[in-house]
2 protein chains.
Amino acid sequence: MKLDDAAARLEALGNPTRLKIYRTLVRAGEEGMAVGRLQERLDIAASTLSHHLKALIGVGLVTQTREGTTLICNASYDEMHGLIDYMVAECCVDGSCPPAIVSKFKKVA
Amino acid sequence: MKLDDAAARLEALGNPTRLKIYRTLVRAGEEGMAVGRLQERLDIAASTLSHHLKALIGVGLVTQTREGTTLICNASYDEMHGLIDYMVAECCVDGSCPPAIVSKFKKVA
DNA sequence: ATCTTATTTCTAATATTCCGGAAATACCGT
DNA sequence: ACGGTATTTCCGGAATATTAGAAATAAGAT
């Protein structure tokens with residue numbers, strides 16, 4: 001991943017409201033969540049939510065599929081994984097790695 | 001880590017210039033890098049660099065130690081690791097994990 | 001065709017970010 | 001104390017982000 005792409009994704013997630021949106025979608029799993037449901041859950045104006053979703057969609061972190069009159073939002077794991085890869089690559093240079101990785105995973109050879 | 005703290009760190013890294021700064025500091029390793037050297041390297045105005053460093057220091061991702069007249073900057077691995085932990089926790093919910101982790105590490109039981 | 005629900009786009013106000021020149025500060029050497 | 005190098009803070013301007021009400025669009029149901 002290019003630096004600018006990583007920065008764009010980090011910026012998209014670097015807003016509390018958008019991070020909440022993304023986290024909610026991750027927790028919604030494969031099933032995803034409708035925009036309206038998301039709005040109730042987060043209690044923000046529909047237009048505001050729409051703008052934030054646009055930002056997340058713009059960097060590929062969220063996708064939408066229409067189902068009748070409702071739009072279902074899904075977190076895009078691949079994009080997030082790409083971003084985490086980038087961060088791990090930037091961060092594990094000295095051999096030290098994030099606790100979550102050290103505890104849940106074991107280094108290969 | 002709280003959501004707001006994660007968002008603040010993501011926002012700090014979500015600017016191409018700041019991400020470049022951080023990456024450069026990570027690559028500089030334990031030794032760190034002087035503000036002046038960083039400025040030559042990135043070719044930006046001193047005041048601009050100072051603003052960006054302040055932002056990174058503000059969220060704990062960078063630390064400074066004075067050495068005579070020069071200020072040495074260091075990337076703070078702990079803070080970055082905490083952030084990556086947060087992201088992995090938000091993202092690995094369904095058991096799928098980022099390629100970098102899958103390839104370099106092996107899941108523990 | 002019309003109505004209803006769901007969502008986005010338009011518009012605008014306010015707030016924040018980004019940038020860099022100029023001035024101020026910090027520290028060291030003499 | 002003075003001069004020089006290193007860095008930050010002050011200031012202002014341009015650009016962008018955030019928020020949300022109102023209007024517009026999308027899709028299905030009657």
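This is a predicted model, so every value here is computed, not measured.
A residue-by-residue look at Leu49(B) and Glu11(B) shows that Leu49(B) has its nearest nucleotide of DNA chain D further toward the 5' end. Annotation: of the two residues near DNA chain C, Gln64(A) and Ile44(B), the 5′-most nearest-nucleotide partner is Gln64(A).
Under the 4.5 Å side-chain heavy-atom criterion for grouping Ile, Leu, Val, Met, Phe, Trp and Tyr, Ile72(B) is not connected to Leu38(B) through any hydrophobic cluster.
Of the possible polar contacts, one joining the Thr24(B) side chain to the Lys20(B) backbone as a donor-acceptor pair under 3.5 Å is found. One N or O on the side chain of Asp85(B) and one on the backbone of Ala100(A) form a donor-acceptor pair closer than 3.5 Å. Judged by distance alone, with hydrogens and angles left aside, the side-chain atoms of Asn74(B) form a donor-acceptor pair with the main-chain N or O of Glu30(B) at under 3.5 Å. Judged by distance alone, with hydrogens and angles left aside, the side-chain atoms of Thr48(A) form no donor-acceptor pair with the main-chain N or O of Ile44(A) at under 3.5 Å. Side chain of Arg18(B) to main chain of Leu13(B): no donor-acceptor pair is present (N/O by atom type, distance under 3.5 Å, no hydrogens or angles). Here the side chain of Arg9(A) pairs no donor or acceptor atom with the backbone of Met80(A) at under 3.5 angstrom.
For the segment residues 17-24 of chain A, the set of residues with a heavy atom within less than 4.0 Å of an atom of DNA chain C is empty.
Atoms OH and OG, from Tyr22(B) and Ser76(B) in turn, are 6.5 Å apart once rounded to the nearest 0.5 Å. Taken from OG1 in Thr17(B) to NE2 in His52(B), the straight-line distance is 4.5 Å, to the nearest 0.5 Å. Rounded to the nearest 0.5 Å, atoms CZ (Arg41(A)) and CG (Leu49(A)) are 12.5 Å apart.
Running 5' to 3' along DNA chain D, contacts with non-hydrogen atoms of chain A at under 4.0 Å begin and end at dT18(D) to dG28(D).
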Notebook entry, point to check: When you check every protein heavy atom under 4.0 Å of nucleotides 21-30 of chain C, what one-letter string (B, S, -) results, 5' to 3'?
Noted result: BB----BS--
